[in-house]
Structures are given as C-alpha cells and as structure tokens.
Amino acid sequence: MRHHWLFKSEPTVFSIEDLRRAARQTTAWDGVRNYQARNFLRDDVHAGDHILFYHSNVVPAGIAGEAVVTRAGYPDPTAFDPAHRHFDPKSRRDRPTWYLVDVQFVRACRTLIPLDRLRPLPALRQMLLLRRGSRLSIQPVTPAEWAAIVTLPEW
DNA sequence: GCCAACGTTGGC
DNA sequence: GCCAACGTTGGC
C-alpha cells in the first residue's frame, strides 16, 4: 500500500534546493527526535512513497516541492555520534531509538505554496498540517489531500 | 523576537 | 501516575 506524507524542514538548514543539488539528489532524513514521527519513519514510510517537502519556520511557510522515498526506515546514525548535534545517548546500535529514511528529489514548486493558500481549499479542511497547534514533523497525507495539492498551478 | 501549543523530564 | 517546570516548534 503506497502512502503519502508531508515532511517538514527548515530551509535554512535543508531546503528543497539543497535536495535538488545533493549527490544523486538524495538525502538521509536525519534528526527526527519525536516519538510519533519516529514511529512513522520506522513502521509506515515505505520505499516508493511520495512526500510533500514543507518549508517551516520561514515567512511564508509552505509546500516547496515533492520527493520520493528510496529507502525505508533504518537507524539514524547521527544519534550514535557524540560529536553530532543530534546525538542521543539513549539510542544504542543494538537498540536504536531513532530512525530515518532516504528521500530523493522529484520536483520543486515553481512558487512556494503558502499556508494561506492551502487553508481555504475544501479538500484540506481536515488536513493535519492546518490544525491549530499541530507540529508533527512527519505527517500522513490522505489521497484526497494529495490530489488536491499536487494539481495546484504552482507546480 | 514573541509567544502559544506541545512534548519531555523528573520530583513526589 | 500526577503535574509543574522546562525546552522546543513554528507561525507570525
């Protein structure tokens, strides 16, 4: 069963253009340190799933592009590295706490699709991203939400 | 930079 | 298990 997702990233840290320019246009989505998001990465995000690449903590925030999962969940190596800012002593190689997936660039929006543009769309009335206080960094996207977003003229 | 909302930690 | 304190997220 193929799923759709929305992954948040702060573009000052890693943007859709960074992904476009990356080696093989692929990156390991490291640094997720939230259990709910971890569960998705470990259990539910599969190779072949497509994701919306969302730019957070910028003005305006919004959807910046699309990527595809090329490798399903495996332990996040940055959690094992004491020198890394995402190091977590709780995570051990024999019993990893944190997981990541690999994603590859598919396309960037011609123009960013900001939250204000998404909010009025009827198909997105229930979308997790648009709920007040929602800050989950790895979110499932329903087929109807996906269809409504990927057919917008901003692509 | 502000601050509301949320998640985690830790004393009890 | 409760819950206050604290740290983080993320829109604005």
Side-chain angles (χ1 to χ4, degrees), chain A residues 3-22 27-45 49-69 73-103 105-142 144-146 148-155:
Chain A
H3 293 99
H4 295 108
W5 306 93
L6 180 144
F7 285 17
K8 293 182 185 174
S9 181
E10 299 190 21
T12 55
V13 178
F14 193 85
S15 72
I16 187 74
E17 290 308 318
D18 292 326
L19 182 59
R20 189 209 291 276
R21 289 190 297 262
T27 194
W29 200 273
D30 61 25
V32 170
R33 295 293 180 269
N34 167 280
Y35 287 101
Q36 200 177 348
R38 185 281 311 270
N39 291 346
F40 284 135
L41 291 177
R42 186 188 59 192
D43 305 331
D44 302 317
V45 179
D49 287 357
H50 280 239
I51 73 169
L52 297 169
F53 194 120
Y54 178 85
H55 282 181
S56 68
N57 213 10
V58 281
V59 179
I63 292 166
E66 180 183 350
V68 61
V69 177
Y74 60 101
D76 183 343
T78 66
F80 305 135
D81 177 2
H84 200 281
R85 72 180 273 266
H86 295 310
F87 174 63
D88 182 353
K90 288 195 307 294
S91 189
R92 305 208 326 252
R93 288 180 192 277
D94 57 334
R95 201 162 33 81
T97 304
W98 304 114
Y99 283 72
L100 49 67
V101 300
D102 290 350
V103 305
F105 179 86
V106 172
R107 57 176 174 161
C109 297
R110 288 187 298 106
T111 62
L112 182 107
I113 308 170
L115 287 178
D116 284 351
R117 170 87 164 97
L118 299 172
R119 277 202 188 90
L121 301 179
L124 306 185
R125 195 160 292 143
Q126 303 292 330
M127 192 175 183
L128 202 56
L129 177 72
L130 304 179
R131 291 193 201 154
R132 190 158 155 275
S134 159
R135 22 176 262 198
L136 192 58
S137 63
I138 304 291
Q139 306 185 356
V141 174
T142 69
E145 291 164 354
W146 181 268
I149 291 168
V150 298
T151 53
L152 291 171
E154 282 87 342
W155 293 95

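Labels below follow one simple rule: chain letters A, B, ... track the order of the sequence lines, proteins then strands, and each chain is numbered from 1.
Nucleotide dT9(B) holds its C1' atom 11 Å from the OH atom of Y35(A), rounded to whole Å. The separation between L128(A) atom CG and dG10(C) atom P is 12 Å, rounded to whole Å. Following rounding to the nearest Å, H55(A) (NE2) and dT9(C) (P) show an atom-to-atom distance of 17 Å. Y54(A) has its OH atom 11 Å from the C1' atom of dT9(C), to the nearest Å. Going from atom CG of L130(A) over to atom C1' of dG10(C) covers 14 Å, rounded to whole Å.
For the segment residues 109-123 of chain A, residues with any heavy atom less than 4.0 angstrom from an atom of DNA chain C are, sorted by number, L115(A), R119(A).
Residues meeting the side-chain contact (heavy atoms from CB on, under 4.5 Å) test with N57(A), sequence neighbours left out: E10(A). In this view, F53(A) and W29(A), H55(A) satisfy the ring-ring contact (aromatic ring centres under 6.0 Å, His included) rule, not counting sequence neighbours. With sequence neighbours left out, H50(A) forms a ring-ring contact (aromatic ring centres under 6.0 Å, His included) with no residue at all.
Heavy-atom distances to DNA chain B give each of N57(A) and G133(A) a nearest nucleotide, and the one nearer the 5′ end belongs to N57(A).
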Review item, side-chain donor-acceptor pairs of residues 117-129 of chain A, under 3.5 Å, at least two apart:
from	atom 1	to	atom 2	distance (Å)
R117(A)	NE	E154(A)	OE2	2.5
R117(A)	NH2	E154(A)	OE1	3.3
R119(A)	NH1	D116(A)	OD1	3.1

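Minimum heavy-atom separation, A28(A) to L100(A): CB-CD2, 4.1 Å.
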Name the pairs: protein N/O against N/O of nucleotides 1-8 of chain C, kept only if under 3.5 Å.
from	atom 1	to	atom 2	distance (Å)
dT8(C)	O2	R135(A)	NH1	3.0

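The backbone N or O of F14(A) lies less than 3.5 Å from a partner atom in the side chain of S9(A), making a donor-acceptor pair.
Donor-acceptor pairing under 3.5 Å is recorded for the side chains of D102(A) and Y74(A).
Residue K8(A) places no side-chain N or O under 4.0 Å from the OP1 or OP2 atom of dT9(C).
A salt bridge links D76(A) with R33(A): the closest approach of a Lys/Arg side-chain nitrogen to an acidic carboxylate oxygen falls below 4.0 angstrom.
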